[in-house]
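Keep in mind that what you see is a predicted model, and the values were worked out from it rather than measured. The sequence lines fix the lettering, A, B, ..., with proteins before strands; numbering per chain opens at 1.
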2 protein chains.
Amino acid sequence: MINHHRSVKVLRRGDLARLTGCNLETIRYYENIGVMPEPPRSSKNYRVYDDRHVARLRFIMRARELGFTLDEVRDLLALVDGGAQTCGEVQGLANSHLASIRAKIDDLKRIERVLSSTVAQCTGDDVPECPVIDALTEVT
Amino acid sequence: MINHHRSVKVLRRGDLARLTGCNLETIRYYENIGVMPEPPRSSKNYRVYDDRHVARLRFIMRARELGFTLDEVRDLLALVDGGAQTCGEVQGLANSHLASIRAKIDDLKRIERVLSSTVAQCTGDDVPECPVIDALTEVT
DNA sequence: CTTGAGCCTGTACCTGCTACAGACCCTAGA
DNA sequence: TCTAGGGTCTGTAGCAGGTACAGGCTCAAG
């Protein structure tokens with residue numbers, strides 16, 4: 001591993017936000033809930049970040065983009081931090097997450113079917129009769 | 001003795017909850033945020049509901065099941081309450097809701113594609129190398 | 001020396017509920 | 001009649017997953 005001996009620029013919270021595209025306040029939030037580590041502080045109590053913080057935040061953000069909850073992100077990070085994470089363990093988490101994504105898709109598709117077939121019956125006219133309202137008002 | 005044999009039974013909050021399947025506290029919440037009207041009160045300050053409240057709550061619950069946000073529900077109710085709602089107006093709300101459902105489905109499908117194709121590369125073995133972790137760690 | 005930007009903390013707000021505490025009220029059984 | 005148990009009332013706090021202030025420090029440029 002290469003240790004860069006050129007002068008390392010100190011990253012502050014705003015720098016980290018800019019480098020990752022993460023919201024400034026969200027970084028503090030992630031620290032509070034324990035997915036980002038507490039960084040060292042400068043003499044004036046400013047948070048001081050380095051490359052590893054950038055990498056970790058990117059990891060978190062990618063996992064969030066893939067729909068992992070912050071709890072799941074914590075699990076993934078715990079595995080990675082444990083150093084001895086196995087492909088099997090990670091695969092397990094990813095698969096169960098995948099299952100819940102598929103369940104959500106199915107839910108939304110069902111909703112989409114019902115709603116679109118109802119809307120399809122609308123005349124769209126200036127009349128008070130409306131199949132959508134009927135469906136919502138329906139006595140079943 | 002006076003009201004005892006009347007056919008119109010007075011509904012209290014718990015009755016409304018049972019009749020609709022709505023959570024007891026949610027009813028009060030809906031009142032607070034203004035999607036359920038403030039009902040009259042009994043002499044002992046108990047909320048008193050009738051059939052129209054049952055119908056309204058069912059309307060709200062059906063709209064929620066179809067994924068309408070409470071803001072959208074408020075809009076639908078305003079149209080219905082306005083008395084002069086037209087099929088065109090309702091159709092407009094439903095269509096824009098439909099568009100956001102479809103957008104969510106597309107999002108989730110994209111996520112599902114990425115994640116499932118990544119997981120498919122996992123060996124699932126007891127080894128530390130894992131395509132999922134690689135994807136999350138990847139320097140782009 | 002001032003001005004503006006950045007950072008610090010704590011806290012409130014958002015959606016859509018759910019749950020609890022502590023006070024009343026009501027009814028049935030002993 | 002008393003009492004135990006339900007029900008109801010209010011306000012408030014909590015969940016996820018952030019976002020956005022206010023009020024106070026600190027720092028660099030002009």
Given Arg18(A) and Asp15(A), is the salt bridge (Lys or Arg N to Asp or Glu O under 4.0 Å) satisfied, shown in steps?
-> CA-CA 5 Å; Arg18(A) 243 179 314 93; Asp15(A) 300 318; 2.5 Å; yes
So, with a heavy-atom separation below 4.0 Å from DNA chain D, the residues of residues 38-46 of chain B are Arg41(B), Asn45(B), Tyr46(B)
Over how many whole Å does the gap from Asp71(B) atom CG to dC14(C) atom P extend?
-> 11 Å
Candidates dG17(D), dC9(D), dT8(D) - which lies nearest the side chain of Arg13(B) = dC9(D)
Same apolar cluster (I L V M F W Y, side chains within < 4.5 Å links), Leu11(B)/Tyr46(B) | no
As a check of understanding: the bend across the helix from dC1(C)-dG30(D) to dA30(C)-dT1(D), end axes from five pairs, rounded to 10 degrees, works out to 30°
Could you please name the option among dG16(C), dC17(C), dG17(D) that lies closest to any side-chain atom of Thr69(B)?
-> dG16(C)
Rounded distance in Å - CG (Asn23(A)) to P (dC13(C)) = 19 Å
Given Leu93(B), which of Asp75(B), Leu98(B), Val73(B) fulfils the side chain to side chain contact (heavy atoms under 4.5 Å, CB included) condition?
-> Asp75(B)
Pairwise salt bridge (charged side-chain N to carboxylate O under 4.0 Å, His left out) hits with a residue in residues 81-91 of chain A, at least two apart | Arg56(A)-Asp81(A)
Inspect the contact between Arg47(B) and Glu31(B) and indicate whether a charged nitrogen and a carboxylate oxygen are less than 4.0 angstrom apart.
-> yes
Would a 4.5 Å heavy-atom cut-off, applied to side chains only, mark Thr137(B) and Val80(A) as touching?
-> no
All N/O contacts under 3.5 Å from nucleotides 11-14 of chain D to the protein, with atom names and distances to one decimal?
unit_1  : atom_1 : unit_2   : atom_2 : d
dG11(D) : N7     : Arg28(B) : NH1    : 3.1
dG11(D) : O6     : Arg28(B) : NH2    : 2.4

For Tyr29(A), all residues meeting ring-ring contact (aromatic ring centres under 6.0 Å, His included), sequence neighbours excluded | none
ILVMFWY cluster, Ile33(A) and Ile60(A) together (side-chain gap under 4.5 Å) = yes
Residue mapping more 5' on DNA chain C - nearest nucleotide basis, Arg74(B) or Arg12(B) = Arg74(B)
OP1 or OP2 of dC7(C) under 4.0 Å from side-chain N/O of Arg47(A) = no
Which whole-number value in Å describes the distance from Phe68(B) CZ to dG16(C) C1'?
-> 17 Å
Protein-nucleotide distance (Tyr29(B), atom OH; dC20(C), atom C1'), rounded to Å = 18 Å
How close or far is atom C1' of dT18(C) from atom CG of Leu70(B), stated in whole angstroms?
-> 14 Å
Can Leu24(B) be reached from Leu19(B) by stepping across I, L, V, M, F, W or Y side chains whose heavy atoms are under 4.5 Å apart?
-> no
Phosphate oxygens OP1/OP2 of dG16(C): is one of them under 4.0 Å from a side-chain N or O of Thr26(B)?
-> no
In whole angstrom, give the distance that lies between atom CD1 of Ile33(A) and atom P of dC15(D).
-> 12 Å
Provide, to the nearest angstrom, the distance between the CG atom belonging to Asp15(B) and the P atom belonging to dC9(D).
-> 11 Å
To the nearest Å, how far apart are Met36(A) CE and dG17(D) P?
-> 17 Å
Tell me, which pairs form a ring pair (Phe, Tyr, Trp, His ring centres under 6.0 Å) where one or both residues lie in residues 75-125 of chain B, sequence neighbours left out?
-> Phe68(B)-His97(B)
Would you check, one step at a time, whether the test side-chain contact (heavy atoms from CB on, under 4.5 Å) holds for Ile101(B) with Leu66(B)?
-> CA-CA 10 Å; Ile101(B) 288 172; Leu66(B) 289 178; over 6 Å; no
Heavy-atom distance under 4.5 Å between the side chains of Pro131(B) and Gln91(A), does that happen here?
-> no
